[in-house]
Amino acid sequence: MNQLAGLKIRKGNQDDKPAIMQILATTPEFTPAEVVVAEEVLDCYLKDPTHSGYNVLVAETAANVVGYVCYGPTPLTESTWDIYWIATTPEMKRRGIGKTLLAVAEAEIKASGGRLILVETSSKPNYENTRNFYQSQGYNIVSRIPDFYAVGDDKLTFQKRIG
Ligand SMILES: CC(C)(COP(=O)(O)OP(=O)(O)OC[C@H]1O[C@@H](n2cnc3c(N)ncnc32)[C@H](O)[C@@H]1OP(=O)(O)O)[C@@H](O)C(=O)NCCC(=O)NCCS
């Protein structure tokens with residue numbers, strides 16, 4: 001697929017919430033319980049974007065929000081950051097939106113003194129595209145906790161060093 005022309009990455013704001021919720025609700029990988037937690041985290045950010053510990057960037061094209069990433073410094077660490085959520089609108093996948101969002105988040109993390117980025121994901125077959133995505137962007141699996149999410153569903157932690 002072609003990369004999207006005119007893709008803009010900017011900080012998320014209250015007006016973006018319906019579009020972000022729509023992306024979460026239509027992403028088949030996410031369970032309803034995960035969407036609830038993603039909304040709580042989003043609300044935390046929207047209430048206090050500067051001090052919540054969460055950062056949200058949205059990808060916008062032709063005035064439509066087509067993806068978002070949520071990340072923040074990992075509590076109780078020195079310069080380690082977590083990517084908590086990243087998703088693109090289902091009909092716009094594989095157009096470079098995810099990698100652009102991640103690259104901008106990584107640049108912001110680096111500018112804030114971050115040295116290590118972690119992202120957790122599932123070992124389930126329906127997360128294979130997600131794992132491919134992270135690997136393609138320079139992330140490596142550094143830990144696996146068997147049966148973490150459920151029996152047969154391991155937690156994988158991907159890492160990228162940027163310092
Ligand atoms: C993971 C996700 C954010 C990737 O966003 P995207 O905009 O579709 O991905 P990009 O177009 O930027 O892809 C960048 C690279 O990742 C890899 N990749 C992405 N999707 C892939 C897929 N379905 N199969 C194989 N590789 C894939 C490719 O190497 C791709 O580069 P290429 O297209 O030049 O080959 C998106 O697919 C998504 O929303 N997935 C569901 C939600 C999710 O699992 N989020 C992460 C957990 S919080």
Side-chain angles (χ1 to χ4, degrees), residues 1-12 16-46 52-74 80-109 114 116-145 148-150 152-160 162:
M1 278 270 197
N2 292 332
Q3 300 273 303
L4 282 172
L7 187 68
K8 183 179 158 189
I9 309 295
R10 58 167 174 79
K11 280 189 191 305
D16 300 319
K17 185 172 171 184
I20 294 173
M21 292 312 299
Q22 174 72 10
I23 291 171
L24 289 166
T26 53
T27 295
E29 286 85 351
F30 297 149
T31 64
E34 286 170 333
V35 174
V36 169
V37 176
E39 182 174 16
E40 283 172 7
V41 170
L42 178 61
D43 284 342
C44 216
Y45 162 79
L46 291 172
S52 63
Y54 299 112
N55 299 274
V56 170
L57 298 173
V58 297
E60 190 178 59
T61 179
N64 294 315
V65 171
V66 291
Y68 94 111
V69 60
C70 175
Y71 63 97
T74 312
T80 297
W81 287 62
D82 271 303
I83 304 285
Y84 294 113
W85 253 277
I86 184 165
T88 57
T89 193
E91 58 275 17
M92 301 279 248
K93 291 213 187 314
R94 212 76 193 262
R95 306 278 301 268
I97 299 167
K99 80 174 168 196
T100 307
L101 274 167
L102 193 58
V104 175
E106 287 172 0
E108 298 275 334
I109 291 170
L116 190 63
I117 304 178
L118 300 179
V119 55
E120 294 172 359
T121 197
S122 155
S123 67
K124 280 193 298 192
N126 66 330
Y127 271 89
E128 189 182 356
N129 294 340
T130 304
R131 295 191 296 272
N132 286 336
F133 168 71
Y134 289 130
Q135 266 156 348
S136 75
Q137 302 309 303
Y139 288 74
N140 302 312
I141 296 175
V142 290
S143 86
R144 171 187 290 264
I145 302 180
F148 179 83
Y149 296 110
D153 184 1
D154 306 348
K155 176 165 88 172
L156 306 177
T157 304
F158 285 81
Q159 162 188 292
K160 184 171 183 177
I162 56 164

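Note that the coordinates shown come from a computational prediction; the quantities given were computed from them, not determined experimentally. For ligands, and for the atoms within them, numbers begin at 1 and follow the listed sequence.
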A quick test of your reading: do over 12 heavy atoms of other residues, nucleotides or ligands sit less than 6.0 Å from CD of Glu128? no

Minimum side-chain heavy-atom gap [X]-[Y] below 4.5 Å:
X      : Y      : value
Val41  : Cys70  : yes
Val35  : Met21  : yes
Leu42  : Lys17  : yes
Phe158 : Ile141 : yes
Asp16  : Arg10  : yes
Arg95  : Val66  : no

Hey, is ligand 1 close enough to [X] that some N/O pair sits below 3.5 Å?
X      : value
Tyr127 : no
Lys93  : yes
Thr100 : no

Going by the closest heavy atom to atom 31 (O) of ligand 1, which one wins out of Arg94, Glu34, Arg131? Arg94

Considering Val69, Leu102, Leu101, Thr88 one by one, which has a heavy atom nearer to atom 36 (C) of ligand 1 than any of the others? Thr88

In terms of atom number and element, which parts of ligand 1 are under 4.0 angstrom from non-hydrogen atoms of [X]?
X      : value
Ile97  : 7 (O), 12 (O)
Gln137 : 14 (C), 15 (C)
Thr27  : 41 (C), 42 (C)
Arg95  : 11 (O)
Asn132 : 25 (C), 26 (N)
Gly96  : 10 (P), 11 (O), 12 (O)
Tyr134 : 46 (C), 47 (C)

Name the residue from Tyr84, Tyr68, Trp85, Trp81 that meets the ring-ring contact (aromatic ring centres under 6.0 Å, His included) definition with Tyr54. Tyr84

Any donor and acceptor pair, going by atom type alone, linking the side chain of Lys99 with main-chain N or O of Gln137 inside 3.5 Å? no

Has Thr121 got any heavy atom lying under 4.0 angstrom from an atom of ligand 1? no

For Met92, state whether at least one heavy atom is located under 4.0 Å from any atom of ligand 1. no

Any idea which part of [X] is under 4.0 Å from ligand 1, heavy-atom wise: side chain, backbone, both or neither?
X     : value
Ala87 : both
Glu29 : side chain
Tyr68 : neither

Please identify which of these residues, Val56, Ile97, Asn55, Ile86, meets the side chain to side chain contact (heavy atoms under 4.5 Å, CB included) condition with Val69. Ile86

I'd like to know if the side chain of Thr80 pairs up with that of Thr74 as donor and acceptor (distance under 3.5 Å, no hydrogens or angles considered). no

